[in-house]
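A quick write-up on the structure given underneath.
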Amino acid sequence: MEPLEKGFYYQPTLELAKALLGCFLIKETPFGTASGIIVETEAYMGPDDRAAHSFEGRRTKRTEVMFGEPGFAYTYSMHTHCLLNVVSGKIGQPHAVLVRALEPFSGKELMAERRPKAKNEIEWTNGPGKLAKALGITMSDYGHPLDEPPLWISKGMNIDPRDIAIGPRIGIQNTGEAVHYPWRFWISGNKFVSPKTQ
DNA sequence: TCGCCGATTGTCT
DNA sequence: GACAATCGGCGAA
């Protein structure tokens, strides 16, 4: 599997969020490599999106990576968990795509070890915090370019546009109109998408 | 520094 | 369905 070239990330954020569906997300660690197929994403559109950390161009140490080149990792810690975003938008345009769910592909033994509380394979990676834990993604991956080890994305299967389902994002109450924006995408019928999705 | 809050998950009722 | 876990970012003091 070859990493997606940097040019791939230079497309409109909503397009990128859809294009990432079906791609492989791979993480290599000293303990081994684990990977999965991206089956659910959400777009966060910087300046005009009240739900985005970069709303109104807010530029801080945390959001800094979103103002740079697309194709880098924006990791964010939420309560006890770590969430992975793919930086999108041209330089100076702070957009990102949140990876919400994966279909386990390789390194399943590792995932089972890292997700001892999961009752089955589906629960290894059917949520943003879960998939980060299953693959061993942490805050130390902040700012990492996604076209080289140890954390990278490669082209996967082609997804028929008719198989892409669209809906509102999850978990962003108190963000006004932004709650309703249809900026979440998933592979229709895939059983590894997050709960409440289908 | 202090206090509050959250793009979640897991457990308990 | 309710709520605790648990910690860094952010804004105010």
Side-chain angles (χ1 to χ4, degrees), chain A residues 13-14 16-18 20-21 25 27 34 36 38-68 70 72-89 93-104 111-144 146 151 153 165-186 191-198:
Chain A
T13 300
L14 293 177
L16 179 63
K18 286 184 274 190
L20 283 169
L21 295 175
L25 176 64
K27 168 78 184 199
I38 297 173
V39 299
E40 183 179 347
T41 60
E42 275 180 8
Y44 283 85
M45 310 266 272
D48 305 314
D49 180 4
R50 235 179 109 177
H53 296 148
S54 50
F55 177 55
E56 288 181 328
R58 173 202 295 274
R59 186 166 188 162
T60 65
K61 186 180 176 187
R62 175 173 68 153
T63 62
E64 183 61 29
V65 68
M66 285 194 278
F67 287 83
F72 284 66
Y74 168 40
T75 49
Y76 160 62
S77 100
M78 167 65 180
H79 288 272
T80 55
H81 309 282
C82 177
L83 283 57
L84 173 70
N85 294 250
V86 175
V87 173
S88 173
Q93 189 180 38
H95 290 186
V97 176
L98 171 68
V99 180
R100 283 196 61 88
L102 299 179
E103 177 173 337
M111 293 192 199
E113 278 178 40
R114 289 164 171 162
R115 300 276 303 117
K117 290 171 182 170
K119 297 186 191 68
N120 52 57
E121 292 198 18
I122 289 178
E123 294 183 2
W124 288 347
T125 55
N126 67 343
K130 297 176 187 177
L131 72 89
K133 188 117 187 272
L135 264 61
I137 295 168
T138 67
M139 286 305 289
S140 66
D141 290 304
Y142 180 93
H144 179 78
L146 294 169
L151 177 64
I153 295 175
I166 302 174
R169 293 173 294 180
I170 289 176
I172 52 167
Q173 279 61 290
N174 307 320
T175 55
E177 278 301 301
V179 172
H180 309 293
Y181 298 163
W183 290 350
R184 183 163 52 94
F185 308 93
W186 68 94
K191 62 180 182 179
F192 295 93
V193 298
S194 64
K196 324 181 208 180
T197 295
Q198 293 186 336

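Every heavy atom of this structure was used, including side-chain atoms; hydrogens, water molecules and symmetry mates were not. Quick note on labels: first sequence line is chain A, next is B, and so on, each numbered from 1.
- Rounded to whole Å, the distance from NZ on A:Lys119 to P on B:dG10 is 8 Å.
- Using a 4.0 Å heavy-atom criterion, one finds that A:Ile172 contacts the sugar-phosphate atoms exclusively.
- Whole-Å rounding puts the A:Trp124 CH2 to B:dG10 C1' distance at 18 Å.
- A side-chain donor-acceptor contact under 3.5 Å links A:Arg114 to the backbone of A:Leu135.
- What you find for A:Gly89 and A:Pro70 is that their closest heavy atoms are O-CD, 3.3 Å.
- Considering only side-chain N and O atoms, A:Arg115 lies nowhere under 4.0 angstrom from the phosphate OP1 or OP2 of B:dT9.
- Put simply, OH on A:Tyr181 is 16 Å from C1' on B:dA7, counting in whole angstrom units.
- For the pair A:Thr125 (side chain) and A:Leu102 (backbone), a donor-acceptor distance under 3.5 Å is present.
- Taking atom CD on A:Glu123 and atom C1' on B:dT9, their separation rounds to 11 Å, with Å as the unit.
- Around CG of A:Asn174, the count of heavy atoms belonging to other residues, nucleotides or ligands within 6.0 Å does not exceed 12.
- Side chain of A:Arg169 to backbone of A:Ala43: a donor-acceptor contact under 3.5 angstrom is found.
- Electrostatic pairing of A:Arg184 and A:Glu40 counts as a salt bridge here, judged by a charged N lying under 4.0 Å from a carboxylate O.
- The closest donor-acceptor contact from the side chain of A:Glu42 to the backbone of A:Arg100 lies at 3.5 Å or more, if one exists at all.
- Mapping A:Ala118 and A:Asn174 onto DNA chain B via the closest heavy atom, the residue that lands nearer the 5' end is A:Asn174.
- Each of A:Thr13, A:Asp49, A:Asn85 was evaluated against A:His95; a single residue qualifies, A:Thr13, per the side chain to side chain donor-acceptor pair (under 3.5 Å) test.
- Atom-to-atom distance recorded for A:Thr41:OG1 and A:Leu20:CG is 6.5 Å, nearest 0.5 angstrom.
- Heavy atoms of A:Arg169 sit nowhere under 4.0 angstrom from any nucleic acid atom.
- The separation between A:Ile170 atom CD1 and B:dG6 atom P is 17 Å, rounded to whole Å.
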In dot-bracket form, 5' to 3', how is DNA chain B paired? Count Watson-Crick and G-U wobble pairs only if both distances fall under 3.5 Å, and write | where the partner sits on another strand. ||||||.|||||.
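- A:Arg184 comes within 4.0 angstrom of nothing in the nucleic acid, heavy atoms only.
- With rounding to whole Å, A:Leu84 atom CG is found 13 Å from B:dT9 atom P.
- Following rounding to the nearest Å, A:Ile137 (CD1) and B:dA7 (C1') show an atom-to-atom distance of 15 Å.
- Rounded to an integer number of Å, the gap from A:Leu83 CG to B:dA7 P is 9 Å.
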Using a 4.0 Å heavy-atom cut-off to protein, can you give one letter per nucleotide of nucleotides 3-13 of chain C, 5' to 3': B if the base is in contact, S if only the sugar-phosphate is, - if neither? --BB-SSSS--
